[in-house]
**Student:** 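Could you have a look at this structure, given as structure tokens, before my questions?
Note that the structure is a prediction, hence the values are computed from the model and not measured. FYI, the numbering just counts along the sequence from 1.
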Amino acid sequence: MKKAHPSPRVLVAEAKRVLDSWRPSDRHSPLDEVLELLEDGRRYESLSVYLVLGERVNLVAHRGNAPASDSLAFGESNIGSVAKNGITKSKDISVGDPKGRPELAVPIKLAARVLGVLNVESSRLSAADNILVHEVAHLIARFLTSNGKHLVRKAREAAAAALADSAAKPYRATSDKNAAEASARRAAAGEASRA
């Protein structure tokens, strides 16, 4: 007997229940649970939630196949483009790349303020999925501006710490990592050694 999948309306109601019941004292992220609901209910192959943090969008929740990147600049790929302009992007690959799959990138926004992007990839995207993903993105936006402010603050702190960590490390060109090799290359090229 084939297992019946919940309707989009049931999935939206379940996502709302998960987001409304979450408290900052909970150790898990409700975004992970919402993505799990969507993955189980609609059999999506990859789901990701990215938050806008400064001039980048950073991955904060993911289910399914590996995401393209943990952090993207505004305008980079469909996700960065949606974060920059707040307009949904959908990619139908039925004619294009056989290795790719259809993708739907929906802004997580309230009014004109883009808070993030909900990205879904699946070989079976339909008009009902478009509506479902938009409704869930709106629920996540309402959550992030109310009960979920704690998660946004934690993501900002983690991004700032990662940026500070990368800024604290001195830059060394790949060719300078082995000083003896670098000196030999410079001598062979006729360059003076740096003393």
Side-chain angles (χ1 to χ4, degrees), residues 15 19 28-40 42-110 112-125 129-130 132-134 136-141 143-145 148-174 177:
L19 294 171
H28 71 283
S29 167
L31 299 176
D32 291 326
E33 195 172 338
V34 167
L35 295 184
E36 184 178 353
L37 280 169
L38 293 175
E39 180 185 44
D40 292 344
R42 300 299 286 187
R43 301 289 183 235
Y44 295 138
E45 293 154 16
S46 179
L47 298 113
S48 304
V49 174
Y50 289 82
L51 290 183
V52 172
L53 302 171
E55 294 296 315
R56 298 195 66 79
V57 284
N58 290 4
L59 183 69
V60 293
H62 180 74
R63 295 284 297 186
N65 297 336
S69 178
D70 290 347
S71 180
L72 298 161
F74 278 4
E76 185 180 349
S77 80
N78 279 346
I79 296 164
S81 178
V82 169
K84 182 178 181 178
N85 62 30
I87 298 171
T88 298
K89 294 263 186 189
S90 71
K91 180 170 76 171
D92 180 14
I93 323 190
S94 57
V95 178
D97 182 12
K99 290 183 263 179
R101 56 186 171 260
E103 176 182 12
L104 181 62
V106 176
I108 297 171
K109 69 178 184 177
L110 283 179
R113 182 176 169 213
V114 178
L115 306 168
V117 178
L118 175 56
N119 190 64
V120 174
E121 294 178 19
S122 176
S123 55
R124 308 180 279 276
L125 287 177
D129 294 305
N130 189 1
L132 170 65
V133 174
H134 274 86
V136 171
H138 181 71
L139 288 174
I140 292 172
F143 168 75
L144 292 174
T145 57
K149 286 181 181 179
H150 175 75
L151 289 178
V152 175
R153 187 178 73 243
K154 289 282 191 192
R156 282 192 181 123
E157 289 170 359
L163 184 63
D165 186 41
S166 68
K169 292 179 183 175
Y171 171 77
R172 277 180 82 174
T174 305
K177 291 191 178 179

**Student:** Can you name the closest pair of heavy atoms from Pro30 and Leu19 and give their distance?
**Tutor:**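 Taking Pro30 first and Leu19 second, the nearest heavy atoms are CB-CD2, 4.0 Å.
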
**Student:** When rounded to the nearest 0.5 angstrom, what is the spacing between CD in Glu103 and OG in Ser122?
**Tutor:**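 It comes to 11.5 Å.
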
**Student:** Judged by modelled atom types alone, do His134 and Asn130 share a side-chain donor-acceptor pair under 3.5 Å?
**Tutor:**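 Note: His134 and Asn130 side chains meet the donor-acceptor criterion.
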
**Student:** Quick one: CG on Leu125 to OG on Ser90, what's the gap to the nearest 0.5 Å?
**Tutor:** 8.5 Å

**Student:** Taking it one step at a time, do Ile140 and His138 satisfy side chain to side chain contact (heavy atoms under 4.5 Å, CB included)?
**Tutor:** CA-CA 5 Å; Ile140 292 172; His138 181 71; over 6 Å; no

**Student:** Where do Leu115 and Ala141 come nearest, in terms of heavy atoms and distance?
**Tutor:** CD1-O, 3.7 Å

**Student:** If you take all heavy atoms of Ile79 and Val117, which pair is closest and at what distance?
**Tutor:**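 Closest pair (atom of Ile79, atom of Val117, distance): O-CG2, 3.6 Å.
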
**Student:** Could you tell me whether the side chain of Lys109 and the main chain of Gly86 form a donor-acceptor pair under 3.5 Å?
**Tutor:** yes

**Student:** Working to the nearest 0.5 angstrom, can you tell me the gap between Lys89 NZ and Ser81 OG?
**Tutor:**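 Taking NZ in Lys89 and OG in Ser81, the distance rounds to 3.5 Å.
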
**Student:** Looking at CG of Leu31 and CG of Leu151, how far apart are the two atoms once the value is rounded to the nearest 0.5 Å?
**Tutor:** 6.0 Å

**Student:** Does a donor on one side chain sit under 3.5 Å from an acceptor on the other, for Ser123 and Glu45?
**Tutor:**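 Distance-only check passes for Ser123 and Glu45.
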
**Student:** Would you call Arg153 and Glu157 a salt bridge, taking side-chain N to carboxylate O under 4.0 Å as the test?
**Tutor:** yes

**Student:** Check whether any side-chain N or O of His62 sits under 3.5 Å from a backbone N or O of Asn65 as a donor-acceptor pair, and report yes or no.
**Tutor:**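 Side chain of His62 to backbone of Asn65, a donor-acceptor pair under 3.5 Å: yes, one is there.
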
**Student:** Distance check, rounded to the nearest 0.5 Å: Arg63 atom CZ versus Asp40 atom CG?
**Tutor:** 6.5 Å

**Student:** If you apply the rule side chain to side chain contact (heavy atoms under 4.5 Å, CB included), what do you find for Val120 with Asp129, and how did you get there?
**Tutor:** CA-CA 9 Å; Val120 174; Asp129 294 305; over 6 Å; no

**Student:** Under 3.5 Å, side chain of Glu76 to main-chain N/O of Ala73, donor-acceptor pair present?
**Tutor:**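 Such a contact is found between Glu76 side chain and Ala73 backbone.
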
**Student:** Can you see which heavy atom on Leu37 is nearest to which on Ala15, and at what distance?
**Tutor:**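 Taking every non-hydrogen atom into account, CD1-N, 3.8 Å.
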
**Student:** Can you tell which of Val34, Leu35, Leu144 makes a side chain to side chain contact (heavy atoms under 4.5 Å, CB included) with Val49?
**Tutor:**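 Answer after filtering Val34, Leu35, Leu144: Leu35.
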
**Student:** Can you confirm whether Lys84 sits close enough to Val114 that some side-chain heavy atom of one is under 4.5 Å from a side-chain heavy atom of the other?
**Tutor:**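 The answer is no, as the side chains (C-beta and beyond) never meet within the 4.5 Å cut-off.
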
**Student:** Go through the steps to decide whether Tyr50 and Val60 satisfy the test side chain to side chain contact (heavy atoms under 4.5 Å, CB included), and finish with yes or no.
**Tutor:** CA-CA 6 Å; Tyr50 289 82; Val60 293; over 6 Å; no

**Student:** Measuring from atom CG of Leu118 to atom CG of Leu104, what distance do you get when rounded to the nearest 0.5 angstrom?
**Tutor:** 8.0 Å

**Student:** Yes or no on side chain to side chain contact (heavy atoms under 4.5 Å, CB included) for Tyr44 and Val133, after CA distance, side-chain angles and deciding distance?
**Tutor:** CA-CA 11 Å; Tyr44 295 138; Val133 174; 4.1 Å; yes

**Student:** Tell me the closest heavy-atom pair linking Thr88 and Pro107, and the distance in Å.
**Tutor:** OG1-CD, 3.4 Å

**Student:** When you measure from the side chain of Arg42 to the backbone of Leu132, do you find a donor-acceptor pair of N or O atoms at a distance under 3.5 Å?
**Tutor:** no

**Student:** Within the structure provided, determine whether Val57 and Val52 are in side-chain contact (heavy-atom separation under 4.5 Å).
**Tutor:**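 Val57 reaches Val52 side chain to side chain.
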
**Student:** Val152 versus Leu51: any side-chain heavy-atom pair under 4.5 Å?
**Tutor:**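 A side-chain contact under 4.5 Å exists here.
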
**Student:** What closest approach, in Å, do Ala159 and Leu53 show between heavy atoms, and which atom pair accounts for it?
**Tutor:**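 The answer is CB-CD1, 3.9 Å.
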
